[in-house]
Amino acid sequence: MICIANLQYGWTLFVNPLAAANGWKKAAIQSAFTAFVLAQTWIVPFNGWFADRFGPKPMVALAGVLIAVGWVIDAHAATISSLILGEVVSGLGAGLVYGTMVGIAVKWFPDRRGLAVGLTAAGFGAGAALTVIPIGNMIKASGYAPAFQTFAIVQGAIVFIIAFFLAFPRPEEVPAVTADNSAATRMRKNSYTPAQMLASPAFWLLYVMMAMIATGLLFVTAQVAPMAKDYGVAAILSLTLLVDNIANGGSRILFGALSDRLGREVTMAIAFTCEALGLLGLIFAAHNPTMFMLCAAATFLASGEIYSLFPAACTDIFGPKFATTNSGLLYTAKGTASFVVPIAALIYASTGSYSTILGVLVAFNIVVAALALAVLKPLRERAVAEELRIGLGGGVVAGPA
């Protein structure tokens with residue numbers, strides 16, 4: 001997960017150099033980022049289907065190859081089309097890694113899913129903290145192409161080697177979880193097939209909520225370097241990126257563990273309220289370097305947790321048997337959210353202000369925090385109560401209402 005982190009969170013470092021060297025518009029460059037996110041997210045359900053049946057090794061080994069090839073293509077891209085191709089290839093590799101690792105986490109640790117997924121996803125969220133400064137230094141010293149190519153080969157090779165050490169647990173290797181608590185559905189004995197999950201309104205509620213929050217995270221991820229330049233605080237960019245990536249990774253552990261105690265929905269409401277405050281700070285205080293860094297970090301801290309809470313909630317509700325595939329289908333909400341990045345870049349180009357975009361993202365967070373408490377929580381509780389009432393047998397119930 002650490003080896004795929006800067007494929008997404010280091011991208012912002014390449015935007016200005018690509019624009020300067022090739023004369024490309026930033027909105028066009030960000031379309032390649034959208035292509036990356038779409039490829040990364042939409043491959044995950046298919047990867048989950050294969051991984052659930054054939055194990056994690058072949059999927060992650062293939063990912064190592066794709067990761068290397070993708071950034072090598074980026075290094076030599078002479079047109080926007082070839083840049084998009086490189087991002088699609090690297091996105092496929094990142095998706096194979098991400099989906100498989102989350103599947104491993106939810107299968108191995110059913111009694112602490114929030115924490116397990118949080119720790120795993122933290123590698124993706126915080127891993128770029130190890131590389132953003134070396135990448136930035138290499139871009140300044142040698143240009144963006146050597147940076148792309150060097151990190152492509154190193155990251156791809158590490159992922160390829162690690163693939164052969166991965167395995168899903170056998171039934172006797174995982175804890176038997178039978179008690180319910182306030183954090184999650186612990187008595188889930190049935191598992192929903194992907195088709196059954198897709199027929200459940202609970203899934204689509206989770207999907208819309210995740211897409212709305214991912215929109216803000218992806219926008220800030222892609223635009224933080226251009227924003228720093230436009231706000232006149234570029235001098236603090238390297239430190240901001242370092243802090244952002246640590247906050248992003250730490251959020252997945254912090255809120256994942258918290259959700260095991262307080263419940264997924266309560267934790268969501270707390271996090272999304274905090275993110276709304278961080279985004280408000282980027283509207284009103286971002287010209288101050290310290291406030292820019294702190295508000296960007298708050299945004300990453302409060303939004304990164306969707307990648308631990310939502311897969312855990314999905315497995316709580318729909319069961320562990322098809323968890324890799326089901327969590328992968330939910331993860332495509334990130335791909336849906338990615339369309340906002342080039343659109344937002346165009347809005348900024350026409351208005352010269354980030355206020356409208358950030359204001360919409362503040363509203364998204366407030367709405368989703370309310371949905372978590374007012375709709376998702378009672379919906380899940382009713383589903384659990386009905387499952388317990390009918391006395392589960394071996395079959396699969398119809399699903400959350």
Side-chain angles (χ1 to χ4, degrees), residues 1-14 17-18 32-33 35-37 39-41 43-44 46-48 50-51 54-77 82-105 108 119-168 221 241-242 245-246 248-249 307 324 328:
M1 291 287 260
I2 290 172
C3 287
I4 65 169
N6 64 41
L7 299 181
Q8 176 170 316
Y9 295 105
W11 171 257
T12 191
L13 293 169
F14 292 95
L18 282 165
F33 180 78
F36 166 84
V37 177
Q40 184 213 4
T41 53
I43 193 62
V44 170
F46 302 101
N47 164 65
F50 281 101
F54 303 110
K57 290 182 177 65
M59 310 311 299
V60 178
L62 173 60
V65 176
L66 294 174
I67 289 165
V69 171
W71 265 25
V72 169
I73 293 173
D74 285 348
H76 299 282
S82 54
L83 186 69
I84 290 173
L85 174 62
E87 286 300 285
V88 168
V89 173
S90 61
L92 292 174
L96 294 179
V97 171
Y98 194 98
T100 305
M101 296 306 103
V102 170
I104 286 174
W108 271 103
L119 285 164
T120 304
F124 185 61
L130 300 174
T131 54
V132 287
I133 292 177
I135 288 175
N137 291 338
M138 185 174 288
I139 291 173
K140 290 178 183 177
S142 307
Y144 69 82
F148 269 136
Q149 188 154 307
T150 300
F151 282 88
I153 294 169
V154 172
Q155 292 165 171
I158 294 173
V159 170
F160 184 82
I161 292 168
I162 288 176
F164 297 95
F165 295 90
L166 300 174
F168 288 141
T221 296
L241 290 174
L242 179 64
N245 284 295
I246 293 172
N248 189 13
Y307 301 120
T324 313

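Heads up: numbering here begins at 1 and tracks the sequence.
Within the 3.5 Å criterion, the main-chain N or O of F151 finds a donor-acceptor partner in the side chain of Q155. Between the side chain of S90 and the main chain of E87, a donor-acceptor pair closer than 3.5 Å is present. Remark: the backbone N or O of F165 is not paired with any side-chain donor or acceptor of K57 at under 3.5 angstrom.
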Working note: F124 + V97, criterion side chain to side chain contact (heavy atoms under 4.5 Å, CB included); need CA distance, chi angles, decisive distance, verdict. CA-CA 10 Å; F124 185 61; V97 171; over 6 Å; no
Before giving the answer on side chain to side chain contact (heavy atoms under 4.5 Å, CB included), spell out for M138 and Y144 the whole-Å C-alpha distance, their side-chain angles and the decisive distance to 0.1 Å. CA-CA 7 Å; M138 185 174 288; Y144 69 82; over 6 Å; no
So L166 and I104, side chain to side chain contact (heavy atoms under 4.5 Å, CB included) or not? Walk me through it. CA-CA 9 Å; L166 300 174; I104 286 174; 4.2 Å; yes
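The minimum heavy-atom distance linking G123 with A5 is given by the pair O-CB, 3.8 Å. Here the closest heavy-atom approach between residue A152 and residue I67 is recorded as CB-O, 4.4 Å. The heavy-atom pair separating A61 from F160 by the smallest distance is O-CD1, 3.3 Å. Heavy atoms only, all atoms of each residue included: P17 and I139 are closest at CG-CG2, 3.8 Å. In terms of heavy atoms, P56 sits closest to T100 at CB-CG2, 3.2 Å. Residues I4 and A94 come closest through the heavy atom pair CD1-O, 3.5 Å.
Rounding to the nearest 0.5 angstrom, the gap separating the CG atom in L119 from the CE atom in M101 is 14.5 Å. The CD atom of Q149 sits 4.0 Å away from atom NE2 of H76, with the distance rounded to the nearest 0.5 Å. Rounded to the nearest 0.5 Å, atoms CD1 (I153) and CZ (F148) are 13.5 Å apart. Summarising the geometry, atom CD1 belonging to I135 is positioned 14.5 Å from atom OH belonging to Y9; distances are rounded to the nearest 0.5 Å. The line from CG of L66 to CG of L92 is 6.0 Å long, rounded to the nearest 0.5 Å. From I133, atom CD1 reaches atom CG of L242 across 5.0 Å, with rounding to the nearest 0.5 Å.
The shortest side-chain heavy-atom distance between L7 and F36 falls under the 4.5 Å cut-off. Contact of the L96 side chain with the I43 side chain is registered, since non-hydrogen atoms from C-beta on lie closer than 4.5 Å. Contact annotation: the side chain of T221 approaches that of F33 to within less than 4.5 Å [non-hydrogen atoms, C-beta and beyond].
Ring-centre distance between F14 and W71: below the 6.0 Å cut-off.
Just one residue in the list L130, V159, I158, T131 forms a side-chain contact (heavy atoms from CB on, under 4.5 Å) with I2, and that residue is L130.
F46 CZ: 12 or fewer foreign heavy atoms inside a 6.0 Å radius.
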